[in-house]
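All remarks here apply to the structure that follows.
Order of appearance sets the numbers: ligands from 1, and atoms from 1 within every ligand. The model shown is predicted, which means the values in this text are computed figures rather than measured ones.
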Amino acid sequence: MKLKIGITCYPTVGGSGVVATELGMLLAEKGHEIHFIASSVPFRLNKWYPNLYFHEVDVNQYSVFKYPPYDLSLASKMAEVAKREQLDLFHVHYAIPHAISAYLAKQMVAGSNSNLKIITTLHGTDITVLGHDPSLQELIRFGIEQSDIVTAVSKSLVEETYRLVETKKEIETVYNFVDDRVYYRRERPFLKQQYGILDDEKVIIHISNFRHVKRVPDVVEAFAIIENHIKAKLLLVGDGPEFTVVCKKVKELGLTDRVHFLGKQENIEEILSISDLMLLLSEKESFGLTLLEAMACKVPCIGTNIGGIPEVIEDGQTGFICELGDIKDVAEKAVILLSNDDLYEKMSNQAYLRTKNLFNASKIVDQYEQIYYRSLMMK
Ligand code: GMT
């Protein structure tokens, strides 16, 4: 049975937006009718499908409102689409505010679309929001409990949600995934030349939105030690609030000619194809989608022992796990890995195989499909 699915995500927000969009496209490829309901076209929605639609949420800018009521405009758009298109379900990414908007929309269409289901996927941001504003705990719990099925992107996030939100609702782990038709290693020698990277230099990469939690200065400090031992360049991809701090750190450590700031980039798979090692040293990370994209391109990773990172990187097999802030350990492990060809070859292959076996797009999309069908059987 083909389904009619409404998907809501923040269209411009990193990993969760990417996962929601790629899931929608893959479901469309399987013949389901997909309706994205969001404030703008999701940035990764770059293919056309006859059975995939986009419905824009127009947020009222009326000057009486100090804050534009995004969640209410969204609820009203979701209700409109659900009723007109007779959607089977909403799959929303984030409990706050999307599960709440879905709940409102469901109430609004109860008369004409009584079996409409809500699937909510938690990406970790709800928990971060809770850290800043504990008064939202009840609302997050409500969003979770009013959803028919709730998933989270790692086991660690499931546990953290139970700890902080105190709900009895079952939360299932559905890992993020990577599409191996897009993410695979290519030969790109000319790209290296364009970045002025010599053949005997190793390429270390970090990709993030440069928020404080990503600890990008730790990446730069680790690189400063690494490049004392081996010839290497650091590629910093992305942009965000800590960008200036990171630039300052690079200058202070005298690394200006060894570090390239690439800013926000599309086609990450191209840059990953010239990379030898990824560093993700975050203090909060429910999954770390960028690690998966790297591993699919045969790039081993070093990450912190935080959140879902150890579920993605298998310590000692596909890279290494280090304690938060232990820059010396990160650098030592990077030097060991990058100067031992046999170990490198083994880890690079293992990284690739891990994504293929565990985080494969078709496997995870099947998992979501089963969840959708199961939800329709629920009362
Ligand atoms: O990491 C961010 O700042 C963006 C955030 C988001 O909402 O997209 O990422 C979260 O969801 C991603 C997709 O599930 C995960 O890979 C990231 O680990 C998670 N970020 C955090 O938990 C900080």
Are F261 and Y195 linked, directly or through intermediate hydrophobic residues, by side-chain heavy-atom contacts shorter than 4.5 Å (ILVMFWY only)? no
Is [X] close enough to touch ligand 1? Criterion: a residue heavy atom under 4.0 Å from a ligand atom.
X	answer
Y94	yes
K214	yes
T125	yes

Quick one: which ligand 1 atoms are inside 4.0 Å of a heavy atom on [X]?
X	answer
N176	13 (C), 14 (O), 16 (O)
L289	16 (O)
N209	2 (C), 3 (O), 4 (C)
G288	15 (C), 16 (O), 17 (C), 18 (O)
H123	10 (C), 11 (O), 13 (C), 14 (O), 19 (C), 22 (O)
F287	15 (C), 16 (O), 18 (O)

Side chains of H55 and E80: is there a donor and an acceptor less than 3.5 Å apart?
no
Can you give me every donor-acceptor pair (side chain of residues 304-316, partner residue at least two apart or in another chain, under 3.5 Å) with its distance?
from	atom 1	to	atom 2	distance (Å)
T304	OG1	S282	N	3.4
T304	OG1	S282	O	2.7
N305	ND2	E323	OE2	3.1
E311	OE1	K155	N	2.8
E311	OE1	Y175	OH	2.7
E311	OE2	K155	N	3.3
E311	OE2	S156	N	2.9
D315	OD1	I321	N	2.9

Candidates G15, S208, A20, C9; heavy atom nearest atom 12 (C) of ligand 1 found on G15
Examine the proximity of ligand 1 to [X] and report which part, side chain or backbone, both or neither, has a heavy atom under 4.0 Å away.
X	answer
V213	neither
T128	neither
V153	side chain

Geometric class of the H98/Y94 ring pair [parallel <30°, tilted 30-60°, perpendicular >60°]: parallel
Which label fits Y103 and F142: parallel for a plane angle under 30°, tilted from 30 to 60°, or perpendicular past 60°? perpendicular
When you measure from the side chain of T8 to the backbone of I37, do you find a donor-acceptor pair of N or O atoms at a distance under 3.5 Å?
yes
For K284 and ligand 1, does the shortest N/O to N/O distance drop below 3.5 Å? no
Quiz item: Any N or O of G17 that comes nearer than 3.5 Å to an N or O of ligand 1?
Solution: no
CD1 (I144) and CD (Q146) are apart, to the nearest 0.5 Å, by 11.5 Å
Sequence neighbours excluded, the answer for ring pair (Phe, Tyr, Trp, His ring centres under 6.0 Å) partners of H93 is H91, H123
Taking the cut-offs as 6.0 angstrom to the six-membered ring centre and 45 degrees off its axis, would you call R186 and Y184 a cation-pi pair?
yes
In terms of heavy-atom contacts, K346 and Q317 come closest through NZ-OE1, 4.2 Å
